[in-house]
Amino acid sequence: MSYQLLNSALWNQRQLLELLVFKLEVEQLLLASGKSKWLQHSTAEIERLISQLAEVELARSVESDSVAKQLGLDGEAPLSALVTLSPEPWGELLGAHRTALLQLATEIDALTTGARELLTASQRAVQESLASVANDPATYDASGETQAAEAQPRLIDQDL
């Protein structure tokens, strides 16, 4: 039955998304602690997981379309429509999946935003460090980015 297959596909998707949340949290901890040597491994794991999610999403989409057609809906009907029109206990199960997926999406969005902020701060710190080591003082422009100081003519007292 299509409901059972859809339920299984949604469970698979939830499990992978929960694992993605875990991997993103690990990556954020690595960024916050400055342990950048492990970032490439963490990023590779996240990329593999995203590729698995794409496959699971395709399977879920096929099963969702099948259930939608059984309910007389367009094949591209959202999960919320399936929740509303499905008989019990399927409506309740699909509703629980939808709620969990929305929560996971919110967590993933927050984690990726946090990681992006950490990376931006790290990039700025590296740029500032390199500018000070290169003896090339930089200043900040109106957007908060660093700008190299313009070369200025210098007077040299040759009598010294």
Is the closest side-chain heavy-atom distance between Glu55 and Leu58 below 4.5 Å? no
The reported gap from CG in Leu85 to CG in Leu73 (rounded to nearest 0.5 angstrom) is 5.0 Å
Interatomic distance, Glu27 atom CD to Ile46 atom CD1 [nearest 0.5 angstrom]: 4.0 Å
Shortest non-hydrogen contact from Ala77 toward Ser64: O-OG, 4.2 Å
Treating Thr112 as the side-chain partner and Asp109 as the backbone partner, does any N or O pair qualify as donor plus acceptor under 3.5 Å? yes
Is there a donor-acceptor contact under 3.5 Å from the side chain of Ser86 to the main chain of Leu82? yes
If I compare all heavy atoms of Asn7 with all of His97, which pair ends up nearest, and what's the gap? OD1-NE2, 2.6 Å
Under a single-linkage definition using a 4.5 Å side-chain heavy-atom cutoff for Ile, Leu, Val, Met, Phe, Trp and Tyr, are Leu94 and Trp11 assigned to the same hydrophobic cluster? no
Count I, L, V, M, F, W, Y as connected when their side-chain heavy atoms are under 4.5 Å apart, and connections chain through other members. Are Val62 and Leu101 then in the same cluster? no
Using a 3.5 Å distance criterion without hydrogens, assess whether the side chain of Thr106 forms a donor-acceptor pair with backbone atoms of Leu102. yes
Starting at CZ of Arg60, measure out to CG of Leu79 and round the result to the nearest 0.5 Å. 7.0 Å
Rounding to 0.5 Å, atoms CD (Gln28) and CD (Glu117) come to a distance of 9.0 Å
Whether Trp90 and Tyr3 hold their rings parallel, tilted or perpendicular, with breakpoints at 30° and 60°: parallel
Within the 4.5 Å heavy-atom criterion, are Glu25 and Val21 side-chain neighbours or not? yes
What is the distance from atom CG of Leu20 to atom CG of Leu53, rounded to the nearest 0.5 Å? 6.0 Å
Kindly give the heavy-atom pair with the smallest separation between Gln70 and Ser2, and that separation in Å. NE2-OG, 3.2 Å
Taking Ser61 for its side chain and Glu57 for its backbone only, find out whether a donor-acceptor pair lies under 3.5 Å. no
Treating Thr84 as the side-chain partner and Ser80 as the backbone partner, does any N or O pair qualify as donor plus acceptor under 3.5 Å? yes
Check for a donor-acceptor pair, side chain of Glu88 on one end and backbone N or O of Glu92 on the other, with a separation under 3.5 Å. yes
Close side-chain approach of Leu10 to Leu93, heavy-atom, < 4.5 Å: no
Minimum heavy-atom separation for Arg14 to Leu104, with atom names? O-CD1, 3.8 Å
Heavy-atom pair of closest approach, residues Leu30 and Ser42: CD1-CB, 3.9 Å
Return yes if some donor-acceptor pair links the side-chain N/O of Ser33 with the main-chain N/O of Leu29 below 3.5 Å, else return no. yes
Does the side chain of Gln103 reach to within under 4.5 Å of the side chain of Glu107, using non-hydrogen atoms? yes
Rounded to the nearest 0.5 Å, how far does CD of Glu18 lie from CD1 of Ile108? 9.5 Å
Can you check whether Asn12 reaches Leu16 side chain to side chain, under 4.5 Å on heavy atoms? no
